[in-house]
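Per chain, numbering begins at 1; letters A, B, ... match sequence-line order.
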Protein chains: 2
Amino acid sequence: MTNNTKDNGVPTLADVANYANVSTATVSRCLNSPERVGGNTRKRVMKAVRDLGYAPNFGAQALAARQTNTVAAVIPTMENAVFARGLQAFQEELGRHGKTLLVASSAYNAELEEQQVRALVARGADGILLIGYDRTPEIYEFLAKQKVPTLIAWSFNPEEPRPAVGFNNRAAMADLARQVIGQGHENIACISAPTASNDRARERVEGIRDAKAKAGQDPKNLTVIETPYGIETGETAFRQVMTNAPQTTAIMCVNDVLAVGALRAAREMGMKVPNDISVTGFDDIEIATLAEPPLTTVHVPHREMGRCAADMLIQILKGDLIGHNLELATEIRIRQSLGPAPH
Amino acid sequence: MTNNTKDNGVPTLADVANYANVSTATVSRCLNSPERVGGNTRKRVMKAVRDLGYAPNFGAQALAARQTNTVAAVIPTMENAVFARGLQAFQEELGRHGKTLLVASSAYNAELEEQQVRALVARGADGILLIGYDRTPEIYEFLAKQKVPTLIAWSFNPEEPRPAVGFNNRAAMADLARQVIGQGHENIACISAPTASNDRARERVEGIRDAKAKAGQDPKNLTVIETPYGIETGETAFRQVMTNAPQTTAIMCVNDVLAVGALRAAREMGMKVPNDISVTGFDDIEIATLAEPPLTTVHVPHREMGRCAADMLIQILKGDLIGHNLELATEIRIRQSLGPAPH
DNA sequence: TTAAAAAATGTAAGCGCTTACATTCAGCTC
DNA sequence: GAGCTGAATGTAAGCGCTTACATTTTTTAA
């Protein structure tokens, strides 16, 4: 009984086969389709696997099987709790299906995103998850050429042909704006993330305009400040709003983090929320309930979205469900940061 | 001139070689160490690569080169901002060095962690980042057997031989406890995460005992409630403390999230912080400053830790820096949640 | 001019796994 | 008990790339 091991390290399939006295094919079958192997043999092989501490070589497996069982995700940043949550659920669900997650972040930068997408595809990702629709056609072309199934998350637009799982950012924000307007606010301002390559932010801002128009207000008459993500930037933006448009009585922010910044700036400026000014957020992450006062915001089912994204991507990889879209529902969460307009 | 292509799709190295009239070796060299190839040949090959739209096959590359340029991390959960931050920095730094990140989470569950480690190693991780020292010897043995370089983060213990980048959880918590004791507190309670397989939590609790002993208090006389991670669980734990040990005047939590829960419970019970009771946290994440009142806590340089972890792991992969440890400094952040003991 | 050294390129042997196809061997049927 | 069937297992051919080593070509030096 000869031994294939070069005795120099990690056990290979051949070592296991040898140890268990079977062929490599049998070991491979044991691992990949156990039902095709006899009970005794299977036990013997599994013991060998354990005894030797065998783990399949990824490269070899990928090469021979022509797939990596690896799925990639490019998100703006994990430091945004919204994506951390979604990604967590995404990974859990992938894990449940035997897939692993490759991650990279774009820092809300389109160019960086493109780089990351290329890198991840080069790393053999079988499929990829991207946030929002906005990106250069080059990336989409590259992905198509490489035949890498792609799923969009966090955005949902029935008119877009790409598979997506998300929610209607525009309608959700419009709903919230309706509430704000319902409280008598006419001078609304918006603190937004840069909208240039971020359809989510853009749609949310448009949602406010929609609601204004519907309520007979001039949709053009909306102060919008764009600023990067962060509590501090939210503070600065708030001050800017109060300087540029002191008549403002409600500030709608496109996410909770900016809103918390606004809240903080308001306090520092001695303004009472919601008596002097109302503030709203978007996402409903933990800090929304922790803030003083608690934030009125739009609740987004991030975890569910992550889970669904994983399921959909897996379906797509299997070849089913091509071009399917899934819209999730959001929900307005009214809390103390929204009050009637002062007069 | 024969052609190797099976004409069924993606071009291979052989196709490029063929097209450019050189050997596969030359093409490979062109791509991996261009300086070893003549100028003319190089140009011809690069043109072929472009003309054919060639991209290397990941599996084959990994198999032949015996490395994937992929690094894995298993963290408890990305929903904990602490790990999200660290991981983000970790990924950024890896990216800067051309490595990609494979992620999985253990949900603070040792068994799950073991599974994930195996899965990631099977996915070809060249190295792996793990949180804390505590885990079964099996995992360490497996990792050793598979020769996968491993780095521990978030813990630092000079007596442990494994490469690690972290901070002294025990000393940091002892420092904070000293501050608490300095405020006259004698009846301290601790809300901890389960310590069974979490050396970070265990060490932090011990840190409190150390400080008590040093201050002449009985280290045994410390109410400790263990509870899973979460704001709600922190609330429940707080109530439990006040039931079991109503004489308590300071509650030290092993992380900020539990502390925020405690704060909330205190408010619900009509207790003033810090007048009636003091509360402290650990980590100094965003919610620490957002809480009402802001939390006294231990600031941990999560991002720096993530960045350093990436650097160290890369060094280790290169073969340098075997068995090195790196200790980072923490810092006490005194805020309003800590006050003098009531009398 | 020519031998030796250096540079450029080619040859081909793997890397460890999957899988189509071949073989073996019970358990049946007649 | 011959012949057949199907389950269990084995054999071996790749998968596409890297790289040690061999070979050819160019440069250098005497």
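Here C:dT19 presents its P atom at 13 Å from CG of A:Leu31, a figure rounded to the nearest Å. One interatomic measurement links the two molecules: CG of A:Leu63 to P of D:dG14, which rounds to 14 Å at whole-angstrom precision. When the P atom of C:dG16 is taken as reference, atom NZ of B:Lys147 falls 12 Å away, rounded to whole Å. For the pair B:Arg66 CZ and C:dG14 P, the computed distance is 12 Å after rounding to whole Å. With rounding to whole Å, A:Asn57 atom CG is found 5 Å from C:dG16 atom C1'. Between the CG atom of B:Asn32 and the C1' atom of C:dA8 there is a distance of 17 Å, given to the nearest Å. The distance between atom CD of B:Gln67 and atom P of D:dT18, rounded to the nearest whole Å, is 11 Å. In this entry the distance linking CZ of A:Arg123 with C1' of D:dC17 reads 15 Å, nearest Å.
A cation-pi arrangement is present between A:Arg118 and A:Phe142, with the terminal nitrogen or guanidinium carbon under 6.0 Å from the aromatic centre and inside a 45° cone about the axis. A cation-pi arrangement is present between A:Arg162 and A:Tyr140 under the rule of less than 6.0 angstrom and at most 45 degrees off the ring axis.
Nucleic acid contact class of B:Phe58 (heavy atoms, under 4.0 Å, all strands): none.
The number of heavy-atom neighbours closer than 6.0 Å to CD of B:Glu159, taken from other residues, nucleotides and ligands shown, is 12 or below.
Side-chain contact check for B:Gln88 and B:Glu92: at least one donor-acceptor pair (N or O, by modelled atom type) lies under 3.5 Å.
Of the candidate nucleotides D:dT18, C:dG16, C:dC17, D:dT18 has the atom nearest to the side chain of B:Gln61.
Aromatic pair B:Trp154/B:Phe167: ring centres not closer than 6.0 Å. Taking the six-membered ring wherever Trp is involved, the centroid distance between the rings of B:Tyr54 and B:Tyr19 does not fall below 6.0 Å.
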Mind listing the N/O atom pairs, protein and nucleotides 9-12 of chain C, below 3.5 Å?
{"residue": "C:dT9", "atom": "OP1", "partner": "B:Thr41", "partner atom": "OG1", "Å": "2.2"}
{"residue": "C:dT9", "atom": "OP2", "partner": "B:Gly38", "partner atom": "N", "Å": "2.7"}
{"residue": "C:dT9", "atom": "OP2", "partner": "B:Thr41", "partner atom": "OG1", "Å": "3.3"}
{"residue": "C:dG10", "atom": "OP2", "partner": "B:Ser23", "partner atom": "N", "Å": "2.8"}
{"residue": "C:dG10", "atom": "OP2", "partner": "B:Ser23", "partner atom": "OG", "Å": "3.2"}
{"residue": "C:dG10", "atom": "OP2", "partner": "B:Thr26", "partner atom": "OG1", "Å": "2.7"}
{"residue": "C:dG10", "atom": "N7", "partner": "B:Arg29", "partner atom": "NH2", "Å": "2.9"}
{"residue": "C:dG10", "atom": "O6", "partner": "B:Arg29", "partner atom": "NH1", "Å": "3.2"}

